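Worksheet: the structure to be examined is printed underneath.
The basis for the numbers below is simple: all heavy atoms, side chains too, and nothing from hydrogens, waters or symmetry mates. In each ligand, atom 1 is the first atom listed, and ligand 1 is the first ligand listed. Predicted model only: the values in this text are computed from it and were never measured.
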Amino acid sequence: MVRSRLLLFCLFTTLASAQTTTSKEVESVYSGAHAFYLELHQNPELSSHETQTAAKLAARLRSAGYDVTEHVGGTGVVALLKNGVGPTIMLRTELDALPVEEKTGLAYASKVHTKDDAGREVPVMHACGHDLHIASLLATAEIMARSKNTWHGTLMLIGQPAEETISGAKTMVADGLFTRFPKPDVGIALHVYNAQPAGKVAIVPGIYDANADSLRITIYGKSGHGSAPHTAIDPIVIAARTILALQTIPSREVKPGEMVVVTVGYIRAGTKNNIIPDEAEMGLTVRTYKAEVRKQVLAAIARITKAEAAAAGAPREPSIEPYEGTDSVYNDPALADRLKGTLEAALGKENVIVEGPHTGSEDYSVFVEQGIPSFYFSLGGADPQKFAEAKAAGTILPSNHSSLFAPDVDPALHTGIMAEVAVLRNLLNTTPEELRKLTVHRAAD
Ligand SMILES: [Zn+2]
Ligand SMILES: [Zn+2]
């Protein structure tokens with residue numbers, strides 16, 4: 001009887017503290033996290049070259065008590081903290097930065113230059129905010145390690161390389177992320193952006209972002225003198241007609257209201273004004289939300305491209321080469337609904353916003369495809385005052401990947417840590433069976 005009362009008491013205190021992340025807890029790790037952020041921001045590394053970033057994160061997680069494995073799928077880091085029986089919950093951060101020259105004018109702005117994979121000298125900047133995600137994950141890791149009485153199960157933290165080249169998630173999975181380590185019952189990730197002010201988070205139940213397909217199209221013609229078009233077949237004219245015809249896919253072929261973007265981002269052809277070249281190359285990015293729309297659009301691109309070449313009497317069918325594609329990230333709706341309540345309790349109801357899907361893309365979708373029900377949410381990063389001014393003026397703050405992207409670190413990092421701890425504690429007070437019943441895998445759309 002006494003024992004069961006004691007158990008009941010323990011359960012009650014556990015549940016009570018499981019519901020909240022306190023500011024005091026965040027404060028206890030904040031100065032270290034902030035210093036780590038500044039260090040990462042000033043030392044950004046390009047995709048697949050995140051050796052120092054990964055080593056620093058691994059060392060800090062090790063000293064926080066985690067069982068850390070490095071070099072998973074390249075520079076990937078996996079850190080485990082086992083705390084009794086319960087579900088396995090994964091929290092992911094990206095590690096990489098971008099070839100962008102920082103122009104924020106901040107005292108801690110990056111001055112780093114390096115050689116890219118093609119041997120070109122490029123500037124490097126954490127222009128997507130992955131440095132903030134890493135710092136937030138570390139602080140969250142420290143809080144979770146110090147409060148093992150508030151949760152049970154296995155916490156799995158991963159530092160993923162090469163998100164910006166949409167390759168790191170794949171290489172980690174191929175290197176045994178879910179076979180050498182426990183397969184998570186649920187996966188979590190966040191991304192900072194400027195579409196909301198710091199202090200707020202935004203959630204998107206269901207489809208979070210877009211399917212992305214990159215295509216390299218080569219149109220073949222027949223070269224000749226610029227003064228004698230009748231002796232040639234001009235691939236530039238074919239390309240021009242093709243580019244315009246491709247825009248009829250979103251406007252004429254796909255049902256109005258479905259999201260489709262077909263962008264021809266570059267066209268390369270010819271060397272001189274009086275030569276008709278042999279071929280023309282163009283690069284496309286294609287974004288969609290639904291699988292059936294994606295299929296329809298890719299088929300239409302192939303059909304139109306081939307037919308325009310045939311109409312011009314091209315000597316060969318164009319080549320259409322897909323590269324760097326990824327599926328949209330899917331947020332389990334029931335999980336999003338549950339964690340919305342958790343975030344509201346931790347941050348205040350007014351600080352949790354529900355949004356529609358984004359047109360960007362990212363390779364977290366690889367983990368979802370591996371059967372990990374997930375919750376991927378957005379973290380407001382804009383300076384609240386600048387955000388209000390921009391809104392009033394009808395302007396937009398610099399987005400991720402801009403040389404001017406500068407999250408308002410103090411409120412954003414604080415909120416990121418609060419949110420992550422709250423979400424992890426909530427999930428690490430369930431059972432794998434409960435999570436299985438709650439979540440559904442993405443319906444075949
Ligand atoms: Zn990015
Ligand atoms: Zn990013």
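At least one N/O/S atom of H191, whether from backbone or side chain, sits less than 2.8 Å from the Zn ion (ligand 2).
At a cut-off of 3.5 Å, with distance as the only test, no side-chain donor of R180 or T69 sits close to an acceptor on the other residue.
Note on K200 versus E355: no salt bridge recorded, every NZ/NE/NH1/NH2 to OD/OE distance being 4.0 Å or above.
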| request: Go through V78 and M172 one step at a time and tell me if the side chain to side chain contact (heavy atoms under 4.5 Å, CB included) criterion holds. | output: CA-CA 10 Å; V78 178; M172 285 191 89; 3.9 Å; yes
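Open room surrounds CZ on R252; 12 or fewer heavy atoms of other groups in view lie less than 6.0 Å from it.
When distances from the Zn ion (ligand 1) to the N, O or S atoms of E164 are compared, OE2 comes out shortest. Taking the Zn ion (ligand 2) as reference, the nearest N/O/S atom within H130 carries the name NE2.
Rounded to the nearest 10 degrees, the angle NE2 (H401) to the Zn ion (ligand 1) to SG (C128) equals 110°.
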